[in-house]
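Right, one structure below, let's go through it.
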Amino acid sequence: MKTAISAAAAADLIPDGAILMIGGFMGAGSPHPLIDALVDAGRKNLTVIANDTARPGFGIGKLVTAGAVTRVITSHIGMNPETQKGMLSGRIEVELVPQGTLAERIRAGGYGLGGVLTKTGLGTLAAEGQRVIEIDGEEWLLAKPLKADFALIHADRADYQGNAAYQLTATNFNPLMATAAPTVLCETREILPVGTIPPDEVGTPGVLVKYLIGRRM
Amino acid sequence: MKTAISAAAAADLIPDGAILMIGGFMGAGSPHPLIDALVDAGRKNLTVIANDTARPGFGIGKLVTAGAVTRVITSHIGMNPETQKGMLSGRIEVELVPQGTLAERIRAGGYGLGGVLTKTGLGTLAAEGQRVIEIDGEEWLLAKPLKADFALIHADRADYQGNAAYQLTATNFNPLMATAAPTVLCETREILPVGTIPPDEVGTPGVLVKYLIGRRM
Amino acid sequence: MHPEEVIQRRVAIELKPGSLVNLGIGLPTGVSHYVSHADNILFQSENGIVGMGSRPPEGMADEDLTDAGGAFVMAVPGAATVDSGMSFGLIRGGHLDVTVLGGLQVDERGYLANWMIPGRMVPGMGGAMDLVSGARRVIVAMQHTAKGGPKIVPQCTLPITATRRVTLIVTELAVIEPTDEGLVLRERGPGVTIPTILDGTSAHLIIPDVVPEMKLAAVLAAESQVA
Amino acid sequence: MHPEEVIQRRVAIELKPGSLVNLGIGLPTGVSHYVSHADNILFQSENGIVGMGSRPPEGMADEDLTDAGGAFVMAVPGAATVDSGMSFGLIRGGHLDVTVLGGLQVDERGYLANWMIPGRMVPGMGGAMDLVSGARRVIVAMQHTAKGGPKIVPQCTLPITATRRVTLIVTELAVIEPTDEGLVLRERGPGVTIPTILDGTSAHLIIPDVVPEMKLAAVLAAESQVA
């Protein structure tokens, strides 16, 4: 059985300077209560691995606004001028990664693979400083696996064993991130009795989840 | 809308010498009616990419018994002495691949990735003739993507758009294989009206499936 | 006719019945207004849906069903949702028939630049690099010039999105096809002359003997719109 | 006591409450008979289930719910099914706490050979190479000798399964731990003397001053059995 805790208690587990993966795509499917709790706790110096930094005042954007983030690995910051300003001023280190490559790098980290071989980004700025591997006369970019200290994910529902089920486009990076950190915190709309989520609906087996954070706690 | 055809008509699409991926794990989740139809059609010289060759007289084992197969790329032939005999006599060329690597090679083929970097098999016979890539001082085996001419998969249910949903351990390699061949034939228990499989239950989006083969046709 | 409408209606003709299409945010999204429901074209959004529908009516939005810009959408019957891994598996693996994207520059090699202006605008590439590298056909839908300056140039001065030659460039003035020989002018905009096109283009254009005026998709009744 | 029972009951003690465990087909599968339901140990089967249960009662089998040997099983409450990609993601990614496998040979390096006998038996490695490479702990559960010949040898003569040192070797005669210094004899089987162990072992064993007799898991009432 997994421990169900409050968002504030979850934030207490996460120290300044931690490397976090945070699920969501422009805020959809992000663990909003966990983000709020990190802001309230005044966390600093966080590294955030996420698809995007949403918008100021929304989702991961709240962490940027609060000055909690000093490094992001992400595919898109176009909707958040604060992240862009932070990058241009040098306050926030930003590593931009093509979205599909970001997804595969996270999966590789979680699945025990040594890297990702993709054509995406070949010959562009995204390839700078990265290795090109030739296989049977074709060139592939080698992108390295990503891991985090904590993965903060959102699921539609979960059971007390930690089994998590996702809904529609709120799925996005959440199931991938749930594999790539030793401590996975799963924020969810409802925590259900074990046995009530059919095995085929489980997107993340409970063995990957350490803490559950319900919205009605 | 996808064309729903009989198993016999499906077998007619597949020529002698074709490279096939066939879903299933020891027969569970295999497209049995399609296998029967290939045997009935007397196909020869097939390459089969599959987790295993099941047992004589069951699942993919029927194709081996019928002498339809001259090459297999697989992780396990231990339950099928006929495949082993064929390999030892030189009648069937067998490439043995660790199961997890086989899954990733198929996915890499379908997902447009250049290969798989894994520690599995390093320093063993499974690494023979394969490239070892050093990344940050660690060694990884490079396994190449797999593709097929046809993927023969089994789904629990599908709609006329080709959306396929899987059940329990009959899932196994089916959703991976559905991405790795230009022509995907999906055998299924029932073909349902479009819109009746909820988006989150779809394991293979219909765009990947070309032909549907219902059990009640 | 507004330049955007010309571009959108011309691009709509490129979308074959039954195909899977990704439309970029902004101008490309509007292409869907000129696609007939009868053509059964499926729209994919890289945040994880195949079969994206139009904006929901007031009060019927769901926070778990959005497009790649984070805006609320609906799902068509037969839609499927996927995680980010599979979403880009579809794109990178060559399962996406067409991507329609905006552009900052396209050059004589057919290379597109559409993701940053160094020092001024660095939004990140999002899914653009995967889309341009992986889709079977890449259509650039953009206005022919920006503030009077050409966007179709001898060689991109902005960082390119991929070293893959795009399939077609559609502007309000012209349809241009990148080929082995260079950029070929295929069609003229409605009432547009060849000198006008050349005027707004700094790249070398190959001009065939016949350059017909472009055909445009019909304006559909509102109830046929899918997005 | 049958040698297999000794091995299974000793291995059962190694499985910590709440852990995720993969049991190989054959002797290892029987370990589950000595695991208390109260310990909430989850069994994973590489064909795609986390939370595998026991064999179904007559008439209650489902062809879509099987173990890695193709035999019918049940699912425990809270089970999850996954495709082969994720199944091996769990294994390769270090999310599996323990794998228990049979062995043909183990050597002084702690290397296991368990997937083929060249020219005689070539079943293929199935999931064994991934399991031995990826699981956090690898326990080899096997009889100490085969037809009187030693299976714990100076160096494997059969093809190895991985260049990863296994965590523990459990036989009916001994518990042996591979270490940097070599194979250390940790425990003796019930009533077994050290000379008997050495007799059946061709590898060099390091013998500590104290080598206690192994403890065995209790025999559970039938209703507690999970598989």
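Sequence lines set the chain letters: A, B, ... in the order given, protein chains first and strands last, and positions in each chain run from 1.
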Could you walk me through whether A/F58 and A/H32 pass the ring-ring contact (aromatic ring centres under 6.0 Å, His included) test, one step at a time? CA-CA 9 Å; A/F58 183 61; A/H32 295 285; 5.3 Å; yes

Row check, A/Y111 ring normal vs A/R107 NZ/CZ: under 6.0 Å, within 45°: yes

Within residues 12-26 of chain A, which residues come under 4.5 Å of chain D, heavy atom to heavy atom? none

Going by residue number, which parts of residues 118-153 of chain A are within reach of chain D, meaning a heavy-atom gap below 4.5 Å? none

Counting only heavy atoms not in A/K44 (residues, nucleotides, ligands), do more than 12 fall under 6.0 Å from its NZ? yes

Between A/N80 (side chain only) and A/I77 (backbone N and O only), is there a donor and an acceptor less than 3.5 Å apart? no

Checking the side chain of A/D52 only, and the main-chain atoms of A/H76 only, is there a donor and an acceptor separated by less than 3.5 Å? no

Would you please say whether a donor-acceptor pair under 3.5 Å links the side chains of [X] and [Y]?
{"X": "D/S45", "Y": "D/D67", "result": "no"}
{"X": "A/N51", "Y": "A/S75", "result": "yes"}
{"X": "D/N22", "Y": "D/Q44", "result": "yes"}

Can you tell me which portion of D/I49 sits under 4.5 Å from chain A's heavy atoms? Options are side chain, backbone, both or neither. neither

Charged N to carboxylate O below 4.0 Å: is that the case for A/E190 and A/R215? no

Heavy-atom pairs under 4.5 Å with chain D: which of A/D159, A/T196, A/I197, A/L113 has the most? A/L113

Using a cut-off of under 4.5 Å on heavy-atom pairs, state which of D/S19, D/G85, D/S133 scores highest against chain A. D/G85

For A/A41, the side chain to side chain contact (heavy atoms under 4.5 Å, CB included) test, sequence neighbours excluded, returns A/A11, A/R43

Under the rule for side chain to side chain contact (heavy atoms under 4.5 Å, CB included), what residues qualify as partners of D/M74, not counting sequence neighbours? D/S54, D/P56, D/P57

